[in-house]
Amino acid sequence: MIIEEAEILLAKLPLRFRFETSFGVSQEKWAPLLILRSEGVEGYSEGVMEPSPVYREEWTEGSLQLLRDQLLPAISGRDLESPEDLQACLRPFRGNHMAKAMVEMAWWDLRARQLDLPLWQLLGGTRRDIPVGVSLGIQGSIAQTLEIVGRHLELGYRRIKLKIKPGWDLKVLEAVRGAHPEAVLTADANSSYQVSDLQLFQRIDQLGLDYIEQPLAYDDLVDHAKLQGQLSTSICLDESVLSPADARKALQLDAGRVINIKVGRVGGHLQARRVHDIAQAFGIPVWCGGMLETGVGRAHNLQLSTLPGFSKPGDTSSASRYFTTDLVEQPLEAQNGLMPLPEGPGIGVTLNRDFLAKVTQARWTWKPA
Ligand code: OSB
Ligand code: MG
């Protein structure tokens, strides 16, 4: 397959909620999209980078420039018959797994559509309905938190993840645990604590959380291993794992006992599947994280979540929670905490072109030299 044309779009959608984490507040979603074209077929992807490098180092403008100036030129005229062929073209560039993932994910969608097969079949997926939970941002008060948690449990979501940060942690977790003794609860700190916060984590350890997500620095597996050794609750790594090699090192060190896999963070589906396979070899469960994606990224996440090791509920909840109108035509809606896989070739969704045109803030087309 030779890529004949690419289109990069940057869309801005209003978010239906204010999403606060330890690293900031989002009120809108900037969605970078890539369309690859070959022989009359298109494939789509969505990048997971944020407008600023606050989650990891990559950021939207920088990644889009890298795509235009270096990554797309590197595949120019190359015959990409396999994801390994594509990976070989991108290997000279260090890091930048989110930007690379945009190319790789669009390649998989395009390939699956050429073959008229759903992507999960090419990936080797086995699950159909995907169990999901919700990731709830930091709320204005404990009362508001109890309200929003109760509402999502009633909707049937299978796990509640609460964002925490220093000063907004033990009290809110205790209140939610007190109100819902049986609920599957987790907390995501987005790297806002230090290993010296051990006493706090020892108290959180008493609350029966399913896991504590990314408590410590995004690049520090050693401290995570130190903390994991002193807790009975599993640590789940998110930001710390950008590649299969990161996953291997983390598990060898016992820096965590669960991994949040985001296909857009680890460089694409091939890498995500390798992380999944490494976790399986260590007997470690994984789940599919999210980055408030539109339907394009959401559909990719669901396709990946069909792999057998995705045994914990993911973050890919109903698109209507996030957006009044989505970029794709198919509704992606959970029922009783299960997301049905969108049916059809590739990622199973088609673009809502009229709406996309309305929300597109910038657009570049690229053709091989
Ligand atoms: O840490 O998982 C995270 C969103 C943006 C950046 C980081 C994270 C998140 C989420 C949202 O938790 C998950 C979702 O609902 O898509
Ligand atoms: Mg996280």
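Being a predicted model, the structure only gives us computed values, none of them experimental. Side chains included, hydrogens not; waters and symmetry mates left out as well; all remaining heavy atoms used. Both ligands and their constituent atoms are indexed starting at 1 by order of listing.
The single protein non-hydrogen atom nearest to atom 16 (O) of ligand 1 is L292 N, 2.9 Å, given as residue, atom name and distance. Scanning the protein heavy atoms around atom 4 (C) of ligand 1, the nearest turns out to be F19 CE2, 3.6 Å. Protein heavy atom nearest atom 1 (O) of ligand 1, with residue, atom name and distance: N190 ND2, 2.8 Å. Atom 2 (O) of ligand 1 has its closest protein heavy atom at K262 NZ, 3.0 Å. Atom 9 (C) of ligand 1 has G290 O, 3.6 Å as its closest protein atom, hydrogens excluded (heavy atom only). Of the protein's non-hydrogen atoms, the one nearest atom 12 (O) of ligand 1 is S135 OG, 2.8 Å.
With 2.8 Å as the limit, D238 counts as an N, O or S neighbour of the Mg ion (ligand 2).
Between E213, E239, M291, K163, it is K163 that holds the heavy atom closest to atom 3 (C) of ligand 1.
Ligand 1 places these atoms under 4.0 Å from at least one heavy atom of D315: 12 (O), 13 (C), 14 (C), 15 (O). Atoms of ligand 1 lying under 4.0 Å from at least one heavy atom of E50, given by number and element, are 5 (C), 6 (C). Listed by atom number, the atoms of ligand 1 under 4.0 Å from Y55 heavy atoms are 7 (C). Annotation for ligand 1: atoms under 4.0 Å from non-hydrogen atoms of Y322 are 14 (C), 15 (O), 16 (O).
Residue-ligand proximity: Q214 is placed with every non-hydrogen atom at 4.0 Å or more from ligand 1.
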